[in-house]
Each structure stands twice: as C-alpha cells, then as structure tokens.
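This one's a predicted model, so the numbers in the text were calculated from it and none came from an experiment.
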2 protein chains.
Amino acid sequence: MQLHDTLTALADPTRRAILARLGAGEARVTDLAAPFDISLNSVSKHIRILERADLVRRRRAGREHLLSFNPQPLDAAMAWIEGQRALMTRQLNALEAALKEAKP
Amino acid sequence: MQLHDTLTALADPTRRAILARLGAGEARVTDLAAPFDISLNSVSKHIRILERADLVRRRRAGREHLLSFNPQPLDAAMAWIEGQRALMTRQLNALEAALKEAKP
DNA sequence: ATGTTATTCACCCATAGGGGTGAATAATGC
DNA sequence: GCATTATTCACCCCTATGGGTGAATAACAT
C-alpha cells in the first residue's frame, strides 16, 4: 500500500534526515551516508525502503547512483492526516452545536 | 521526540484504523478492539503507543476507559512533511530559473 | 459476598528491521 | 590488465514490537 509504505518510511529518524538532505538536491549514497556514523550498507538499506515508498528515485551515472527526492507520495500522507483532522474538527463542531442548542 | 512518536504511531495499520474510528467519537477499548480479530490486550498496547504520541487521551468512567482522539500532534507531523515538500518546491523553482537563464 | 465485565500486567513467542562485516559486481583511472 | 572507488549482496546479531495467554485489579450487579 502506498500510504503505508510512505508512513513506514517516514517513521525512522535516519530516513527523515536523508530526505531532508535530498531536499537540497541530488546526492550519491556515499554523500548521504557521510553525516551518520553508520555503514554505507545500512544507508543503502534505508534508501531501498525510501524507494519502496517511491519517495526517492535513483538515476545511475556510471558507477554512481544519484538519488533524488520525489515528494509526490507525501501528498497521499498529507491527505490522510488532514482527513483524520477533518473528522475531528467536524466532531468538535457537532459538539459545539449541541452545547449551543442545550444552553439557552 | 514528539514528531518521532507521532510518525511511529501512524506507521501501523491497526493504529491508523483505531484513529479513524476515534474520529467518530469516544470509544472504549472493547469497542475499538471489536473490528479486529486480535486480542484486547493487543489493542491495549496499540493504545499505549497512541497515548505516548498524545494522539489519544484517556478518561476513566468507572471501570470503562473512554478513549478520544487528540489531533494536535498531527499539526507537527503535517508541518514537517509540508516543510520537506517546500524544500523540494524551492529546488524545482531554482532549477526552472536556471534553465530559463541558460536557454535564451 | 459473589459473579461478571473491562482493562491491564507479566510473561512468552516470532518476525521485522536496523546495525554490522566481508565478498561480489561494476565502472574509472592508469 | 590491475588497482581503486561506488554500491550492492549475502550473511549474522540484536532489539523493538506485534501477537498471544493467563492472572491480577477494579468496578458493577445481584
């Protein structure tokens, strides 16, 4: 599922940092790994999870893999979250209306 | 961390369903468990994680625990996601501007 | 007092996944 | 061809966590 993969991908601090870094532009796996003191391998796995969510796209240039950030799946995530919030807002409005009805 | 707890809480389908259900109003643990064929205990644990993220509030009425949905932490999550998307938009705008500069 | 209902606590089990290392693959530079 | 560089593949380890069961706690109902 698209939404699930997206939220799962966002639920890890390393992956969030990677996305933030990619917000500044394309980067190689090695570049992405630099700020963290975890192995290249580990970063590579995080990238795979980000790719599964289609949040990251890969472009090979020779032996380098250039990663870029695709924000599109964020729309679905935002929509879901916004939807939940809307439910709550409606509920609160109904409550408020009921109170106004009962008070006077 | 607030953001982390929130995103972690949202990264599970059962918890998302629980939130969606709570969007319709307060419910007991038993009510929340009904749609799933998992044990009450399991649901109880999910609720604990939702409470950790402050997405769910608990109100005891006698022996019943009434759970309600607190959408406030969603704001921080939305803000973070929106921020990432904004980074990307700025990057794309810069690229576009550079192209326009180079073309003619 | 006793039984029933609602929930959690204290465990156990299995899997996912975040971390590591070392070998394999592939492209560059010489 | 050979060494170097960039990345992945194939493993292993360990913790978090989603799931379960059975006992404990707490509040009704009788």
Asks: Atom CG of L40(B) and atom P of dT4(C): how far apart are they, to the nearest Å?
Replies: 18 Å
Asks: Quick check on DNA chain C: between E64(A) and S39(A), whose nearest nucleotide comes earlier from the 5' end?
Replies: S39(A)
Asks: Which part of the nucleic acid, if any, lies within reach of D12(B) when heavy atoms closer than 4.0 Å are counted: base, sugar-phosphate only, or nothing?
Replies: sugar-phosphate
Asks: With nearest nucleotides of DNA chain C determined for G62(A) and I38(A) from heavy-atom distances, which residue corresponds to the more 5′ nucleotide?
Replies: I38(A)
Asks: Between L66(B) (CG) and dA6(C) (P), how many Å, whole number?
Replies: 12 Å
Asks: Regarding D31(B), tell me which of base, sugar-phosphate or nothing describes its non-hydrogen contacts under 4.0 Å with the strands shown.
Replies: nothing
Asks: Can you hop from L3(B) to L87(B) via hydrophobic side chains spaced under 4.5 Å?
Replies: no
Asks: Do the side chain of K45(A) and the base of dG17(C) come within less than 3.5 angstrom through a donor-acceptor pair of N or O atoms?
Replies: no
Asks: Measure from the side chain of R60(A), starting at C-beta and using heavy atoms only, and say which of dT7(D), dT8(C), dA26(C) lies closest.
Replies: dA26(C)
Asks: Look at the side chain of N41(B) and the base of dG22(D), then say whether one donor and one acceptor between them are separated by less than 3.5 Å.
Replies: yes
Asks: Side chains of P73(B) and Q2(B): does their closest heavy-atom pair fall under 4.5 Å?
Replies: yes
Asks: What is the separation between atom CZ on R59(A) and atom C1' on dA27(C), rounded to the nearest whole Å?
Replies: 16 Å
Asks: To the nearest Å, how far apart are L50(B) CG and dT8(C) P?
Replies: 12 Å
Asks: Tell me: CZ of R48(A) to P of dA6(D), nearest whole Å?
Replies: 20 Å
Asks: Between I18(A) (CD1) and dG18(C) (P), how many Å, whole number?
Replies: 11 Å
Asks: Which one, dA27(C), dG19(C), dT17(D), comes nearest to the side chain of H46(A)?
Replies: dG19(C)
Asks: Please report the distance, rounded to the nearest Å, between CG in D37(A) and P in dT21(C).
Replies: 11 Å
Asks: L19(A) versus L10(A): any side-chain heavy-atom pair under 4.5 Å?
Replies: yes
Asks: Just the rounded figure in Å: distance from C1' of dG3(C) to CZ of R63(B).
Replies: 11 Å
Asks: T30(B) side chain: which of dG19(C), dA6(C), dT7(D) is closest?
Replies: dA6(C)
Asks: Output yes when at least one side-chain N/O atom of S44(B) is less than 4.0 Å from OP1 or OP2 of dT8(C), else no.
Replies: yes
